[in-house]
Amino acid sequence: MYTLDLSGKTAAVFGVANRRSLAYGIAKELGKAGVRQAFTYQGERLKDNVAKLAGDFENSMLLECDVTNESQLESTFSQIKAEFGHLDYLVHSVAFAQKEDLEGDFVNTSRDGFRTALEISAYSLISMTRFAKPLMEGRKGSVVSLSYLGAERSVPHYNVMGTAKAALEQITRQLASELGESGIRVNTISAGPVNTLSARGISGFGKILKVYEERAPLRRNITQEEVGTAALFLLSEMGGGVTGTTLHVDAGYSTVGL
Ligand code: NAD
Ligand code: IMJ
């Protein structure tokens, strides 16, 4: 197809859980382009799995980082600084809401459930970018996160995750405005549904995939690879003029009115 040579560039990739993860789709594209990557895993439970996946990539790093843990975040970026010396790309592919907040009525969202969803799925982008900024100084850094249409439209059961994604998209614009003068770009990809660990548990997920197939202009669902190539575009100089934006990689679904 095409190959981009990004050797000498480095990336921190948050959110690989398994081979289906959207973050892994992005890592595959970065790997093909020769980017050296640091992978983080949420906790001991995922360590062996993520270690195996990190092994697919030359010279990669593996670090434990629960994004609710500020000291783990700090030590993640200080280890990246020690090993890579700098950072070019940051990939945020992390989201979590308590299961009861995705199953029950939105009106019953608890204070604690709201805090959890917003902290893990939105605030974490601010923290990560804060730690990444000094490592990106003078390097045309680029930050990409993953959003969903539930940020802009009501989607059954998406509930407090929609609130968190609306925050994530606004955080993207606010960070882009502030970090532009440091040459750092910040964008988010609003992806269509993909069969990952975070999506599979959703009741009626198969039906949602069918609705996209019927109504999206491309009459199909998107692939993990298409999220990867869109991220590669935004991270690399190919997307050099793009910042603060939400790029819909959804087979056109969000553009249809009727
Ligand atoms: P996934 O389950 O593979 O990835 C989610 C990741 O979040 C996991 O690696 C998990 O370990 C990590 N995570 C959760 N809580 C964490 C914490 N406290 N600290 C550190 N990591 C934590 O599923 P995915 O579908 O690849 O999700 C990645 C991103 O894509 C999410 O932001 C999700 O909202 C978004 N997204 C997914 C879809 C979809 O249909 N799959 C569509 C649009 C957007
Ligand atoms: C999630 C819930 C409801 C509807 C949904 C989704 N649709 C899609 C998703 C239509 C596509 C997947 N998605 C975009 C997400 O962001 C999922 C986030 C998520 C999933 C879980 C499942 C397991 C759990 N907590 C979760 N937290 C966030 O316990």
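Quick note: residue numbers are just sequence positions, from 1. Read the numbers this way: they start at 1 and go in the same order the structure lists the ligands and their atoms.
- Close approach to I208 involves these atoms of ligand 2, each under 4.0 Å from a residue heavy atom: 10 (C).
- Taking distance alone, with nitrogen or oxygen atoms compared against 3.5 Å, A97 approaches ligand 2 more closely than that limit.
- Between S121 and A95 the shortest heavy-atom distance is OG-CA, 3.5 Å.
- At the shortest separation from atom 13 (N) of ligand 2 among protein heavy atoms lies Y158 CE1, 3.6 Å.
- Of the polar atoms of S198, none of the N or O atoms is found under 3.5 Å from an N or O of ligand 2, judged by distance alone.
- If you number the atoms of ligand 2 from 1 as listed, the ones under 4.0 Å from a heavy atom of H157 come out as 3 (C).
- Protein heavy atom in closest approach to atom 23 (C) of ligand 2: K99 NZ, 4.5 Å.
- Y253 and Y212 have parallel rings, their planes meeting at less than 30° on a 0 to 90° scale where 60° marks the start of perpendicular.
- Note on Y89: it does not cluster hydrophobically with L135, by side-chain heavy-atom contacts below 4.5 Å among ILVMFWY residues.
- Pairing each heavy atom of R185 with each of L235, the nearest pair is NH2-O, 3.3 Å.
- A donor atom on one side chain and an acceptor atom on the other are not found under 3.5 Å apart for S203 and H157.
- Atom 11 (C) of ligand 2 lies below 4.0 Å from at least one non-hydrogen atom of the protein.
- Within the 6.0 Å centre-distance limit, the rings of F57 and F39 are counted as a close aromatic pair.
- The closest heavy-atom contact to atom 4 (C) of ligand 2, among the options I202, T196, D250, L146, comes from I202.
- Ion pairing between E178 and R173 fails under the 4.0 Å rule for side-chain N and carboxylate O.
- Protein heavy atom in closest approach to atom 21 (C) of ligand 2: L102 CD1, 3.6 Å.
- Side-chain contact annotation: S7 with D5, donor-acceptor N/O pair under 3.5 Å present.
- Contacts with ligand 2 closer than 4.0 Å are made by side-chain heavy atoms of Y148 only, the backbone lying farther away.
- For the residue pair Q174/Q170, the side-chain donor-acceptor check at 3.5 Å is satisfied.
- Listed by chain and number, G15, V16, A17, S21, L22, Q42, L46, C65, D66, V67, S93, V94, A95, F96, I120, L146, S147, Y148, K165, A191, G192, P193, V194, T196, L197, S198, A199 each place a non-hydrogen atom less than 4.0 angstrom from ligand 1.
- Side-chain heavy atoms closer than 4.5 Å link hydrophobic residues (I, L, V, M, F, W, Y) into clusters, and following such links, even through other members, never connects I171 to L118.
- Within the 4.0 Å heavy-atom cutoff, G201 does not count among the residues contacting ligand 2.
- Between the side chains of T229 and E29, no donor-acceptor pair of N or O atoms lies under 3.5 Å.
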